[in-house]
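Take a look at the structure below.
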Amino acid sequence: MEIEVRSQSDDEIVFVVRDAEVPFINAIRRCAMVNVPKIAIEDVNIVRNDSAMFNEVLAHRLGLTPLVSNLDAIEGLPLPEDEGWEYDEENETWADNLKKGVVFKLNETGPKVVYSKDLISSDSKIKPVYDTIPLVKLKEDEVIDIEAVAKIGYGKEHAKWMPTTVCAYKQYPEITFSEDEEVDYDCALACPRGVLKSDRRSKKIKILDIENCTMCRSCVRASTNGYINVGHKDNDFIFRIETDGAMPPKEVLLKACDVLGEKAEKFIKFSDEGGSK
């Protein structure tokens with residue numbers, strides 16, 4: 001298997017995987033979406049809320065505010081599978097819950113728009129990714145006083161813990177031309193993404209960027225003589241991961257691969273031991 005990185009930025013990575021199978025690629029996609037740990041606000045104690053926004057809506061907005069969640073920042077925090085992670089309101093006090101994660105406080109008085117930058121974190125490494133996310137609008141003399149706890153979770157439990165905003169792949173496109181047919185220049189004009197270009201001087205249709213092809217087959221439908229054909233390579237894929245900025249996409253990919261490896265080892269051990277007894 002070969003991997004070629006096409007582009008990489010702070011919140012997006014695009015790479016090509018060659019000589020792989022669909023189940024393996026899809027397993028990585030699923031692990032990246034739902035099995036990579038991320039931190040988000042889980043428990044909210046609203047002491048005072050004079051705004052027009054309902055408490056439940058405000059808590060939901062806080063939960064979906066992206067927080068810095070790189071592996072170095074969240075190291076040492078309890079995981080959902082650890083005992084006592086969940087807040088037991090009947091047997092625990094709110095003070096006990098504050099010790100289980102990162103505490104955020106929000107205390108503002110209107111008139112103003114309260115932004116994510118107004119959230120005060122107990123850990124300088126874990127803070128909102130963006131400062132300009134509007135949370136609530138306060139009118140004259142309206143007060144909002146909130147204390148919240150951010151905890152590590154997984155995307156399989158809630159979207160707020162999903163580290164990827166886009167995690168998708170497509171099979172590598174393959175475009176071929178029939179040498180037995182006359183060159184059909186109109187099929188190049190039908191491509192909506194500019195993948196093809198007619199070159200009447202050389203009497204050919206050039207492929208400018210095959211990886212930009214979505215295999216929509218507009219060019220095939222536009223060809224009257226079947227000159228062009230669009231397909232894909234069965235074992236080659238173009239993979240794209242995009243995040244909300246909470247984690248670097250490369251870190252998400254590497255962690256997803258680690259999780260997949262751990263799952264494979266558990267399955268092998270389970271099989272060697274003869275399965276459940």
query: Near Glu86 CD, under 6.0 Å, is it more than 12 heavy atoms from other residues, nucleotides or ligands?
result: no

- prompt: Can you tell me if Asp184 and Ser223 form a side-chain donor-acceptor pair at under 3.5 Å?
  reply: yes

Ile13, Asn70, Asp72 screened by side-chain contact (heavy atoms from CB on, under 4.5 Å) with Glu251, the one that passes: Asn70

message: I'd like to know if the side chain of Ser116 pairs up with that of Asp118 as donor and acceptor (distance under 3.5 Å, no hydrogens or angles considered).
response: no

task: Give a yes or no on this: more than 12 heavy atoms of other residues, nucleotides or ligands lie within 6.0 Å of atom CD of Glu89.
output: no

query: Can you find a side-chain donor-acceptor pair between Asn97 and Lys151 that sits under 3.5 Å?
result: yes

query: Going by the angle between their ring planes, with limits at 30° and 60°, are Tyr87 and Trp94 parallel, tilted or perpendicular?
result: perpendicular

field: Spacing of Asn49 atom CG and Leu138 atom CG [to the nearest 0.5 Å]
entry: 8.0 Å

message: Test ring-ring contact (aromatic ring centres under 6.0 Å, His included) on Tyr227 and Phe177; report intermediate values, then the result.
response: CA-CA 6 Å; Tyr227 173 68; Phe177 304 99; 5.3 Å; yes

query: Got more than 12 heavy atoms from elsewhere within 6.0 Å of NZ, Lys112?
result: yes

query: In terms of side-chain heavy atoms, does Glu81 have a donor or acceptor partner in Tyr154 at a distance below 3.5 Å?
result: yes

- prompt: Is the cationic atom of Arg240 (NZ for Lys, CZ for Arg) positioned less than 6.0 Å from the six-membered ring centroid of Tyr169 and within 45 degrees of its normal?
  reply: no

query: Is Arg200 positioned over the aromatic face of Tyr185, cation under 6.0 angstrom from the ring centre and no more than 45 degrees off axis?
result: yes

query: Taking atom types as modelled and ignoring hydrogens, do the side chains of Glu42 and Trp161 form a donor-acceptor contact shorter than 3.5 angstrom?
result: no

- prompt: So does Asp199 pair up with Lys197, basic N to acidic O under 4.0 Å?
  reply: no

query: Considering the options Leu106, Val136, Val44, which one meets the side-chain contact (heavy atoms from CB on, under 4.5 Å) requirement together with Leu58?
result: Val136

- request: Look at atom CZ of Phe24 and say whether more than 12 heavy atoms of other residues, nucleotides or ligands are closer to it than 6.0 Å.
  value: no

- request: Please indicate whether Arg29 has more than 12 foreign heavy atoms, meaning atoms of other residues, nucleotides or ligands, lying under 6.0 Å from its CZ.
  value: yes

